[in-house]
Amino acid sequence: MLVPTNFGQVFSPKYFEHFSCMASRCQDPCCKVGWEIPLDLESAEKYRKSVENFSETVTEDGFGGLLFKLRPDGSCLHFDSDGLCGLMKKTGEQCEICSKYPRFFEEYDGFTEAGLSVSCPTAERLILDGDFPYEGIENRTTDDRLLKFLVEARAMAMEMVENEPDPDLAADRLCSFSEGLQILIDYDELNMLKASEFDRAETLPEADYREFIDKIRQIIFEKAEKISPVWEELTDPKRPMSKAFAGTKAERRAYLEYLIYRRFLKAVSSEFIYAECLFIRALYGLAAGLSEDYFLNVRLISREIEHNDENREALRGYITDMLEGWDGASASTP
Ligand code: SF4
């Protein structure tokens, strides 16, 4: 698998190299999700020359690019009944986006991080079933002060999650920890990270937390765009909530660590690690209560929120607005 080389060293979790697409044996193929699948113009030109009537299978995206057309059931027009890609069968090549998926590459100042998305069932199995795959997560070199701070803080957060026997408590402690981190960022005290006494055992106040999760559910259940019929059914506001707490402790911990790996450093642009960790907490909380099938919940959340700009930003927007009145100065100084 080709990886970017112009953004410094590339780091990836242990499971990254073990991924292999199940193709026609996939239980829940990405080609049927209903996603808009973009196509680069260079590949389109190549396919036009080699595949008959190719132009009729794509449409303009309104921004100068192209998208593959979808059938009414959400499957890509090139997805054949044998579960294989018709375009690949004809040309021997996958389009660029499909050849990368479910891999992602995040480029930072000085290094690149690669990973797999839990939206693919095969990747999800590798991520949720494995042992701790993020060894050496603190080994990143950068000249960016805030990024360096976040890399160190993320390693501390991972250590806390690994050592906390209850992953649900670890998810709450992550929020409290990030509140302390936010104060250091806001007061430009980044060098105080190791010296600060974070009370990482503290949890969110119960009442605030319940209100927070209720509001998150309301946004997702009543206002969000819904792509797949299963998700629509699971997030029907009239559907009684699942009483069971889905997933084993090991699976929930692995999901929490995946979210931390994938999202924590994004605070380097927003400078809002507290909001980022509340977003992580929201996704983690949703996954435990949607249905009794934890793998289905995690996969759908990734497809419908993580990979959906509109829904992701609606949640992020709510969290940011909620924290608008938050005053780090009045919170306990770490
Ligand atoms: S969801 Fe994953 S395993 Fe299934 S077809 Fe897509 S990339 Fe392959």
Side-chain angles (χ1 to χ4, degrees), residues 1-4 10 12-40 43 47 51 57-58 66-106 113-130 133 226-234 247 251 254-255 257-259 261-262 283 287 290-291 293-309 311-312:
M1 177 67 206
L2 287 178
V3 293
V10 181
S12 58
K14 264 193 292 196
Y15 50 68
F16 186 76
E17 294 303 332
H18 298 298
F19 174 76
S20 170
C21 173
M22 300 293 281
S24 60
R25 289 176 295 128
C26 180
Q27 57 165 94
D28 189 6
C30 48
C31 329
K32 288 176 72 177
V33 168
W35 277 333
E36 292 184 331
I37 309 167
L39 176 68
D40 61 288
S43 305
Y47 290 140
V51 179
T57 68
V58 290
L66 291 170
L67 299 170
F68 284 109
K69 284 185 186 168
L70 301 179
R71 299 188 183 97
D73 69 355
S75 62
C76 173
L77 266 192
H78 293 281
F79 182 69
D80 282 352
S81 54
D82 59 5
L84 294 171
C85 171
L87 204 52
M88 190 169 173
K89 283 192 282 182
K90 285 178 199 136
T91 64
E93 275 179 41
Q94 260 183 318
C95 62
E96 197 199 342
I97 192 145
C98 294
S99 68
K100 262 194 195 159
Y101 181 82
R103 301 166 188 89
F104 64 82
F105 299 93
E106 296 285 356
E113 286 195 345
L116 300 175
S117 166
V118 286
S119 56
C120 155
T122 310
E124 183 187 33
R125 187 60 64 193
L126 287 172
I127 294 166
L128 299 191
D129 274 354
K226 299 181 185 184
I227 303 172
S228 79
V230 192
W231 176 254
E232 190 145 12
E233 195 185 308
L234 287 184
E251 287 159 356
Y255 181 46
E257 289 169 351
Y258 159 84
L259 290 170
Y261 177 69
R262 183 145 194 196
L283 299 190
L290 266 186
S291 81
D293 183 342
Y294 194 63
F295 280 72
L296 177 70
N297 300 349
V298 165
R299 194 159 70 247
L300 288 178
I301 285 169
S302 182
R303 290 177 175 184
E304 304 268 348
I305 302 176
E306 263 195 294
H307 287 263
N308 183 314
D309 295 349
N311 290 346
R312 199 179 57 239

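When a ligand or atom number is given, it counts from 1 through the structure's own listing order. Throughout, numbering of the chain's residues begins at 1 and tracks the sequence.
Side-chain contact, D73 with S75: a donor N or O sits under 3.5 Å from an acceptor N or O. E304 and S228 are linked by a side-chain donor-acceptor pair at a separation below 3.5 angstrom, with hydrogens and angles left out of the test.
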Apply salt bridge (Lys or Arg N to Asp or Glu O under 4.0 Å) to the pair E124 and R299, showing each step before the final yes or no. CA-CA 7 Å; E124 183 187 33; R299 194 159 70 247; 2.9 Å; yes
Run E306 and R262 through salt bridge (Lys or Arg N to Asp or Glu O under 4.0 Å) and show every step you take. CA-CA 10 Å; E306 263 195 294; R262 183 145 194 196; 3.7 Å; yes
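Of the possible donor and acceptor atoms, none in the side chain of R25 sits under 3.5 Å from a partner among the backbone N and O of C21.
The contact set between ligand 1 and P121, taken as ligand atoms under 4.0 Å from a residue heavy atom, comprises 1 (S). Close contacts between ligand 1 and Y101 involve ligand atoms 7 (S) [criterion: under 4.0 Å to a heavy atom]. Atoms of ligand 1 found under 4.0 Å from any heavy atom of C26, numbered from 1 in the order shown, are 1 (S), 3 (S), 4 (Fe), 5 (S). Numbered from 1 in the order shown, with element, the atoms of ligand 1 that lie under 4.0 Å from a heavy atom of T122 read 3 (S). Applying the 4.0 Å criterion to heavy atoms of M22 picks out, from ligand 1, the atoms 3 (S), 8 (Fe).
C120 and P102 get closest at one heavy-atom pair: CB-CB, 3.6 Å.
With respect to atom 2 (Fe) of ligand 1, the closest heavy atom belonging to the protein is C120 SG, 2.4 Å.
A distance below 6.0 Å separates the ring centres of W35 and Y101.
Under 2.8 Å from atom 6 (Fe) of ligand 1 lies an N/O/S atom of C30, whether from backbone or side chain. Because the distance cut-off is set at 2.8 Å, C31 fails to qualify as a neighbour of atom 4 (Fe) of ligand 1, as none of its N, O or S atoms comes that close. Among the atoms of C21, an N, O or S atom falls under 2.8 Å of atom 8 (Fe) of ligand 1.
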